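Just so we're clear, the structure is a prediction, and the values are computed from it rather than from any experiment. Here is how names work: the chains are called A, B, and so on, in the same order as the sequence lines, proteins then strands, and each is numbered from 1.
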Amino acid sequence: MEILEGSCRFGLWFVQVRWSADTVHRVRFAEVGIPGAVPEPVRKYCAGLPVDLTSLASIAAHDDSTYGRIYRAVRKVPYGKTATYGEIARDAGTGPRVVGQAMARNPTPLIIPCHRIVAAHGIGGFSPSIEIKEALLAMERKNLHKILLGKTTN
DNA sequence: AACGTACACTTAT
DNA sequence: ATAAGTGTACGTT
């Protein structure tokens with residue numbers, strides 16, 4: 001299967017994506033873009049639409065390694081919600097610090113929504129910049145509110 | 001193959 | 001606020 005690549009914007013950042021068909025191999029936040037398109041759901045998500053990215057597969061979420069289990073647990077956290085490192089650790093049968101390491105090495109952020117994993121008493125980390133995590137969480141939170149308001153006020 | 005160190009944490013003082 | 005506990009991974013012997 002042919003490997004494709006491209007980028008789109010998320011705020012000040014570019015989101016570079018390498019993928020083939022419906023499997024994403026790499027996602028990274030960068031200060032520069034690369035030519036080419038990104039998968040439709042990623043484009044919409046970055047544009048601020050409340051898109052569920054579980055329709056895309058991540059290359060990293062399939063094997064039955066510790067990281068594989070962690071990544072699958074992380075993918076269960078829905079749009080607009082968060083879980084703690086400890087919760088993910090319990091789900092995956094490992095320890096919280098391992099979850100931190102797995103998040104730091106996550107090859108496909110967004111597809112594996114590591115930004116939704118926060119510390120028990122704080123936001124936790126994010127590379128290359130914590131601002132991205134804050135922005136992603138703020139965006140999802142805002143969209144959830146919109147959806148809820150739409151349901152209850154009309 | 002063992003060892004030391006580093007962690008995007010957590011829980012108990 | 002601080003320290004002790006924690007599980008895993010990774011580089012270096």
Enquirer: Between A:His115 and A:Glu140, does any side-chain donor sit less than 3.5 Å from a side-chain acceptor?
Expert: yes

Enquirer: What is the separation between atom OH on A:Tyr85 and atom P on C:dT8, rounded to the nearest whole Å?
Expert: 18 Å

Enquirer: Between C:dT8 atom C1' and A:Met103 atom CE, what is the distance in whole Å?
Expert: 13 Å

Enquirer: Starting at atom CZ of A:Phe126, determine the distance to atom C1' of B:dC7, rounded to an integer number of angstrom.
Expert: 17 Å

Enquirer: Just the rounded figure in Å: distance from P of B:dT10 to CD of A:Glu87.
Expert: 9 Å

Enquirer: Consider the side chain of A:Tyr67, meaning its heavy atoms from C-beta on, and name the nucleotide among C:dG7, C:dA9, B:dC9 that approaches it most closely.
Expert: C:dA9

Enquirer: Write down the partner of C:dG5 under the Watson-Crick or G-U wobble criteria, each distance required to be under 3.5 Å.
Expert: B:dC9

Enquirer: Does a side chain donor of either A:Ser20 or A:His25 reach within less than 3.5 Å of an acceptor in the other side chain?
Expert: yes

Enquirer: Is any side-chain heavy atom of A:Leu110 closer than 4.5 Å to a side-chain heavy atom of A:Leu53?
Expert: yes

Enquirer: What's the closest nucleotide to the A:Val98 side chain, out of B:dA8, C:dG7, C:dC10?
Expert: C:dG7

Enquirer: What's the closest nucleotide to the A:Gln101 side chain, out of B:dA8, C:dT8, B:dT11?
Expert: C:dT8

Enquirer: Grab the CZ-P distance between A:Arg97 and C:dA4 for me, whole Å please.
Expert: 14 Å

Enquirer: Counting heavy atoms from C-beta on, name the nucleotide in C:dC10, C:dG7, B:dT11 closest to the side chain of A:Arg105.
Expert: C:dC10

Enquirer: Side-chain contact, heavy-atom cut-off 4.5 Å: A:Met103 with A:Val74?
Expert: yes

Enquirer: Take atom CD1 of A:Ile70 and atom C1' of B:dC9, then tell me their distance rounded to the nearest Å.
Expert: 12 Å

Enquirer: Starting at CZ of A:Arg90 and ending at P of C:dG7, how long is that distance when rounded to a whole Å?
Expert: 14 Å

Enquirer: Given C:dC10, C:dT8, B:dA8, which nucleotide is nearest the side-chain atoms of A:Ser127?
Expert: B:dA8

Enquirer: Name the closest nucleotide to the A:Thr94 side chain, picking from B:dC9, C:dC10, C:dG7.
Expert: C:dG7

Enquirer: Rounded off to whole Å, could you give me the NE2-to-C1' distance for the A:His121 and B:dT13 pair?
Expert: 14 Å

Enquirer: Classify A:Ala104 by what it touches in the nucleic acid, base, sugar-phosphate, or nothing, heavy-atom distance under 4.0 Å.
Expert: base

Enquirer: Any idea which heavy atoms bring A:Cys114 and A:Pro109 closest together, and the distance?
Expert: SG-CB, 4.1 Å

Enquirer: Between B:dA8, C:dG5, B:dT10, which one does the side chain of A:Pro96 approach most closely?
Expert: B:dT10

